[in-house]
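Each remark here refers to the structure printed beneath this line.
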Amino acid sequence: MTMAEGFSNGIKPEDQERNLKMSAVVVVHGGAWAIPDDLAEASVDGVKVAAREGFSVLNTGGSALDAVEAAVRALEDNTVFNAGHGAVLNAAGEVELDAFIMDGRTLATGAVSSVKNIANPVSLARAVMEKTSHIMLTSRGANLFAESIGTATVPTDTLVTEYERKEWEKHTNYVSGVMEDFNSQWKVSAVAHDTVGAVAVDSAGNVACATSTGGIRNKMVGRVGDSPIIGSGGYADNLSGAVSCTGHGESILKVTLARLILSHIEQGKSVADSSQLSLQYMGDRVCGAGGAIVVSPSGQWAATFTSERMAWAAVDRDVLWYGLDPKERLKEPLSQ
Ligand code: GLY
């Protein structure tokens with residue numbers, strides 16, 4: 001298994017807590033998978049735009065929750081990523097979308113699964129959180145709710161790219177696609193996209209996370225992966241931090257990856273070590289590959305993956321950090 005090094009800003013929590021007005025941080029990912037070279041530049045550009053978008057919300061007084069929603073909407077609107085526009089097709093050639101959002105202040109959570117014809121499922125998930133007594137609505141129920149609150153629907157064709165149609169026609173087998181993409185004991189090839197996500201901490205120390213996906217190409221109709229499941233595809237708690245996960249959903253579900261990472265943080269480990277240990281455990285225990293982004297209430301953050309690549313970006317103070325390949329840590333001034 002390739003273990004990419006996590007990246008942490010290296011600032012001790014106690015040093016950051018000396019600042020009453022803490023610096024806000026946003027971290028985003030565009031999915032952990034074997035990103036082919038022809039999608040590399042667009043993937044990196046896309047996560048940089050989304051991180052800037054999320055940070056501009058924080059910078060203008062928005063909450064961490066507002067920031068992760070804005071960042072994930074930007075990723076859902078970008079056809080290079082498997083979420084919203086650009087989603088993969090299931091075995092029936094349909095688009096079924098999953099999304100999740102969580103507010104670390106109160107543990108309020110909203111999710112949708114197997115929803116159709118929605119351009120920004122993350123905002124629908126937020127509406128489930130804020131306008132219903134439930135945490136998750138699925139399939140027809142999620143679409144009925146969307147209609148009841150006036151969320152616009154879009155034709156399936158507008159969500160599907162030409163690239164995806166061609167890939168779907170070429171790769172008709174779910175199991176081999178998953179093995180090639182996420183299971184590191186197999187030769188990795190570029191078969192499916194994966195998931196987008198964001199985590200943020202605002203200047204008040206509140207954390208939030210959001211995750212959105214079209215799932216895995218050729219999944220069974222009605223299959224739901226980790227992304228909308230609390231504790232697996234994401235979790236946010238002001239007492240420990242916020243996580244958004246990506247990778248092989250069935251593996252992430254088995255180890256409840258987001259909560260596993262936070263449980264290590266709760267035991268005093270750094271965000272980078274907690275992510276690495278948990279992804280390593282997922283690889284060792286269930287042979288699953290993936291990635292995670294994490295932020296702590298004190299502003300420590302990490303972007304870690306065991307897949308071949310993961311496009312990620314983070315804004316911390318005046319610097320935009322980003323990367324794609326293992327150990328890649330590039331940076332540029334935010335003002336650029
Ligand atoms: N990680 C996305 C999925 O497996 O559905």
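In each ligand, atom 1 is the first atom listed, and ligand 1 is the first ligand listed.
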### Ligand-side contact atoms (ligand 1) for residue partner D226, heavy atom cut-off under 4.0 Å
1 (N), 2 (C), 3 (C), 4 (O)
#### Entry: Pair E96 + R140, salt bridge at N-O below 4.0 Å
no
### Query
Does a salt bridge link R126 with D66, judged by any charged N lying under 4.0 Å from a carboxylate O?
yes
### Message
Which option wins on minimum heavy-atom distance to atom 5 (O) of ligand 1: K219, H248, E250, R223?
### Response
R223
### Query
Between D98 and ligand 1, is there a nitrogen or oxygen pair with a distance under 3.5 Å?
no
### Task
Given salt bridge (charged side-chain N to carboxylate O under 4.0 Å, His left out), test R165 with E169 step by step and report yes or no.
CA-CA 6 Å; R165 285 256 174 242; E169 278 158 21; over 6 Å; no
### Message
Which option wins on minimum heavy-atom distance to atom 1 (N) of ligand 1: G247, G249, G214?
### Response
G247
### Message
Using heavy atoms and a 4.0 Å limit, tell me yes or no: is T246 in contact with ligand 1?
### Response
no
### Task
With heavy atoms of S227 as the reference, note each atom of ligand 1 found under 4.0 Å away.
1 (N), 2 (C)
### Message
Within the 4.0 Å heavy-atom shell around T195, which atoms of ligand 1 are there?
### Response
1 (N), 2 (C)
### Task
Give the numbers and elements of all ligand 1 atoms closer than 4.0 Å to a heavy atom of D194.
1 (N), 2 (C)
### Summary
ligand 1 to I216, heavy atom cutoff 4.0 Å, flagged ligand atoms 4 (O)
In a table with atom names and distances, give each donor-acceptor pair under 3.5 Å that connects a side chain of residues 102-112 to protein atoms at least two apart or in another chain.
from	atom 1	to	atom 2	distance (Å)
D103	OD1	R105	N	3.0
D103	OD1	R105	NE	3.1
D103	OD2	R105	NE	3.2
D103	OD2	R105	NH2	2.9
T106	OG1	A108	N	3.1
T109	OG1	L107	O	2.9

### Query
Short question: side chain of H29, backbone of G31 - any donor-acceptor pair under 3.5 Å?
yes
### Task
May I ask you to say whether E266 pairs ionically with R259, meaning some side-chain N is under 4.0 Å from a carboxylate O?
yes
### Message
Among N120, T213, N82, which residue satisfies the side chain to side chain donor-acceptor pair (under 3.5 Å) criterion with E76?
### Response
N120
